[in-house]
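In each ligand, atom 1 is the first atom listed, and ligand 1 is the first ligand listed. Note that these values count all heavy atoms, side chains included, but never hydrogens, waters or copies made by symmetry.
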Amino acid sequence: MSTPKQQLNRDFLEKNLLGKELAPFTAEILDYPEKIIQFGEGNFLRGFVDWMVHQLNKQSLFQGRVVVAQPIPSGRVAELNQQDGLYTLILRGTQDGQVVDQREIITSISRGLDPYTQWQEVLKCAENPAIEYVVSNTTEAGIAYNPADRSSDQPPVSFPGKLTAYLYHRYQHFQGDATKGMVILPCELIDRNGDNLKRVVLQLAAEWNLPLQFQEWLTKANHFLNTLVDRIVTGYPAKEMAQLQEELGYTDQNMDTGEIFHLWVIEGDAALGERLPFTKAGLNVKWVKDMTPYRTRKVRILNGAHTSTVAVAYLAGIDLVRDAVHDQKVGQFLKQAVFEEIIPTLDLEKSELQQFAAAVLERFDNPFIDHKWSDISLNSTSKFEARVMPSLKKYFEKQRVLPKRMTFSLAALFALYYGTEIRDNKLVGHRNGKEYFVQDDLPKLEFFRDVWQKYEKAELSLEQAVAGILTRFWPQEAQELPTLASEVAFYLQDILNSGIVSSLEKCS
Ligand SMILES: NC(=O)c1ccc[n+]([C@@H]2O[C@H](COP(=O)([O-])OP(=O)(O)OC[C@H]3O[C@@H](n4cnc5c(N)ncnc54)[C@H](O)[C@@H]3O)[C@@H](O)[C@H]2O)c1
Ligand SMILES: O=P(O)(O)OC[C@@H](O)[C@@H](O)[C@H](O)[C@H](O)CO
């Protein structure tokens with residue numbers, strides 16, 4: 001029987017692990033001053049940016065830590081603080097044909113703050129001249145304008161609202177000093193994340209009637225950078241926890257897992273690259289003039305492959321991405337979607353795209369990464385819009401016919417969102433006689449529920465149901481692609497009658 005283990009924290013680290021395999025560094029890096037404020041405490045940032053800062057610190061290239069603010073009322077900063085910001089990151093995969101299993105305690109987070117109970121503490125960070133960087137990942141929903149935000153809110157609800165209030169506090173504290181602007185590095189997967197965040201911050205500053213000089217300071221003294229992130233981060237390894245605790249010798253409620261591959265493309269000038277010397281530390285960070293080609297390639301191929309296959313694989317009874325790659329029918333669907341329908345629509349060098357896609361398929365096949373389709377399916381309607389619809393439209397523009405697999409994947413998405421009941425804000429679907437729960441914005445789920453209720457009462461035909469959903473979510477495409485509704489309805493009818501696996505034959 002295993003003995004109860006102690007929880008990871010600073011005291012435990014210093015007494016038992018420092019200088020050893022899991023903590024190959026000296027105590028000095030645990031006390032570096034705070035230099036970054038991070039909005040977001042999720043798995044991704046902890047497995048990506050915070051890991052990178054830790055690598056910089058180990059090489060004495062940055063000598064700074066990250067104070068983390070949780071962007072919404074529910075979150076995990078309390079859990080982070082219980083462990084003094086420490087957590088284990090496990091990165092696994094194959095590199096140059098060798099199996100790699102890297103385990104390390106990440107030390108870059110100094111503390112976590114909950115803005116809903118510690119807003120003054122968050123603002124205090126704005127008074128610290130050493131904190132010159134903002135990092136964020138608040139999901140694709142995070143960089144959004146909220147008309148209800150007010151400058152007097154403690155804190156404003158939205159992330160851009162919190163950032164505007166934070167920057168205004170800094171501006172006031174340093175009396176508009178142009179040398180006290182921040183470098184802002186959003187990691188959200190929306191197009192031109194830095195430009196969009198800046199746009200919303202400027203809009204709020206104007207609406208809140210903040211002085212014009214502040215608005216000028218925002219533009220001139222601050223750098224809102226556009227960035228593109230890439231690493232598959234799969235979070236807390238619940239299934240393996242008992243074994244990992246035995247191997248590591250402690251418990252860790254903040255443990256995180258991901259793949260070895262990482263890429264951060266940042267649109268910014270070389271001088272900023274000197275201040276944040278990720279590249280010098282050997283990390284795959286590229287400072288570029290234009291990040292657009294990198295973003296298009298990654299979002300259309302990698303995320304596009306995920307989003308166009310998610311409903312097909314899940315409804316076929318496959319839970320993990322890796323298993324779909326190996327499945328004869330679903331694997332073929334995924335590959336044909338990428339190589340025959342996505343790549344031909346991209347105006348980038350073809351052999352380079354094919355290499356990128358082949359590498360993506362290898363990453364999907366990582367034997368150590370259990371990437372769940374159910375996680376990927378979160379908010380699939382907006383993901384389909386950003387990650388798949390552009391390929392579908394471009395294909396039609398070029399070929400004047402709809403791409404079979406992209407069209408089929410839309411029908412599969414409608415089948416995934418087939419349900420007539422909402423429970424706990426989730427749409428209830430059925431797979432092989434068992435319930436599953438679709439997570440998306442509630443009004444969207446309610447729309448699907450209403451359509452399928454009417455369809456079941458024979459108030460709508462399937463064609464009318466499909467046309468209604470297309471008009472609600474993609475009104476422009478519904479008009480511009482004349483056969484989209486009928487082709488989606490054709491596939492959907494077949495999926496509902498014969499099941500997804502048999503239907504796949506219709507688009508092979
Ligand atoms: N996990 C990955 O492999 C990966 C890779 C690249 C990019 N991403 C991006 O990272 C995002 C988060 O992924 P994660 O794996 O860290 O998930 P997570 O659930 O661990 O963290 C989500 C974070 O977003 C915040 N958040 C959620 N809804 C918000 C809202 N409406 N406004 C403001 N903040 C909000 C949460 O507080 C939390 O900090 C995803 O949307 C994805 O686009 C993830
Ligand atoms: O993280 P999401 O939910 O936005 O999207 C699911 C996956 O496509 C995504 O996490 C990728 O694995 C990631 O973008 C790889 O860099």
Mode of R387 contact toward ligand 2 - side chain, backbone, both, neither (heavy atoms, under 4.0 Å): side chain
Flag for S136-E188: side-chain donor and acceptor within less than 3.5 Å: yes
Numbered atoms and elements of ligand 1 in range of G40, under 4.0 angstrom, heavy atoms: 39 (O)
Residue portion contacting ligand 1 (non-hydrogen atoms closer than 4.0 Å) for F159: neither
Sub-4.0 Å atoms of ligand 1 with respect to non-hydrogen atoms of N43: 16 (O), 20 (O)
Numbered atoms and elements of ligand 2 in range of R231, under 4.0 angstrom, heavy atoms: 15 (C), 16 (O)
Distance-only polar pair, side chains of N9 and Q82, donor-acceptor under 3.5 Å: no
F448-F473 aromatic ring centre distance below 6.0 Å: yes
Donor + acceptor pair across side chains of E349, S351 (<3.5 Å): yes
Identified salt bridge (Lys or Arg N to Asp or Glu O under 4.0 Å) counterpart of E341 within the set R300, K335, K393, R405: R405
Expected output: side-chain R322 to main-chain N366 donor-acceptor under 3.5 Å: yes
Aromatic Y133 / basic K35 pairing, under 6.0 angstrom, 45° off normal: no
Closest protein heavy atom (residue, atom, distance) for atom 31 (N) of ligand 1: A141 CB, 3.9 Å
Minimum-distance protein heavy atom relative to atom 36 (C) of ligand 1: I72 CD1, 4.1 Å
H306 and F364 aromatic centres sub-6.0 Å: yes
Result of checking D195, L185, N193 against L225 for side chain to side chain contact (heavy atoms under 4.5 Å, CB included): L185
Whether K350 side chain and L346 backbone form a donor-acceptor pair below 3.5 Å: yes
For I232, the ligand 2 atoms whose distance to one of its heavy atoms is below 4.0 Å: 12 (O), 15 (C)
R363, any N or O under 3.5 Å of ligand 2 N or O: no
Ring-face cation contact, F44 with R231, 6.0 Å cut, 45° max: no
Element-labelled atoms of ligand 1 that are located less than 4.0 Å from some non-hydrogen atom of I232: 3 (O)
Minimum side-chain heavy-atom gap I301-I343 below 4.5 Å: yes
Shortest heavy-atom approach to atom 7 (C) of ligand 1 - which of V229, D230, V68, V299: V229
Numbering as shown, the atoms of ligand 2 that approach H371 to under 4.0 Å (heavy-atom distance): 12 (O)
Residue pair E259 / H371, side-chain donor-acceptor N/O under 3.5 Å: no
Contact (N/O only, under 3.5 Å) between V233 and ligand 1: yes
Atoms of ligand 2 close to K298 [distance to a heavy atom under 4.0 angstrom, numbered from 1]: 13 (C), 14 (O), 15 (C), 16 (O)
Atom 42 (C) of ligand 1 [closest protein heavy-atom partner, distance rounded to 0.1 Å]: L189 CD1, 4.5 Å
Test applied, ring pair (Phe, Tyr, Trp, His ring centres under 6.0 Å); reference residue, F48; option that passes from F278, W264, F261: W264
Residue and atom name of the nearest protein heavy atom (relative to atom 22 (C) of ligand 1), distance in Å to one decimal: T139 CG2, 3.9 Å
Which atom of L30 lies closest to which atom of L86, heavy atoms considered: CD2-CD2, 4.3 Å
Within-shell test, L189 vs ligand 2, heavy atom, strictly < 4.0 Å: yes
Shortest protein heavy-atom distance from atom 29 (C) of ligand 1, along with the residue and atom involved: T138 O, 3.5 Å
For D230, atoms of ligand 2 separated by under 4.0 Å from a heavy atom: 15 (C), 16 (O)
Residue, atom name and distance, where the atom is the protein heavy atom closest to atom 3 (O) of ligand 2: K383 NZ, 2.7 Å
Pick from E41, Q38, R76: the one approaching atom 39 (O) of ligand 1 most closely through a non-hydrogen atom: E41
Distance from atom 11 (C) of ligand 2 to nearest protein heavy atom, with residue and atom: N303 ND2, 3.5 Å
Proximity of R231 to ligand 1 by residue part, where a heavy atom lies under 4.0 Å: backbone
N or O contact, F44 vs ligand 1, cut-off under 3.5 Å: yes
Test item: protein heavy atom less than 4.0 Å from atom 8 (O) of ligand 2: yes
H306 neighbourhood, listing ligand 2 atoms whose heavy-atom distance to it stays under 4.0 Å: 7 (C), 8 (O), 11 (C), 12 (O)
Contact atoms of ligand 1, heavy-atom distance to N137 under 4.0 Å: 9 (C), 10 (O), 11 (C), 12 (C), 23 (C), 24 (O)
Test: R431 cationic atom under 6.0 Å from Y436 six-membered ring centre, within 45° of axis: no
Distance flag for atom 24 (O) of ligand 1, protein heavy atom under 4.0 Å: yes
Under-4.0 Å protein heavy-atom contact, atom 20 (O) of ligand 1: yes
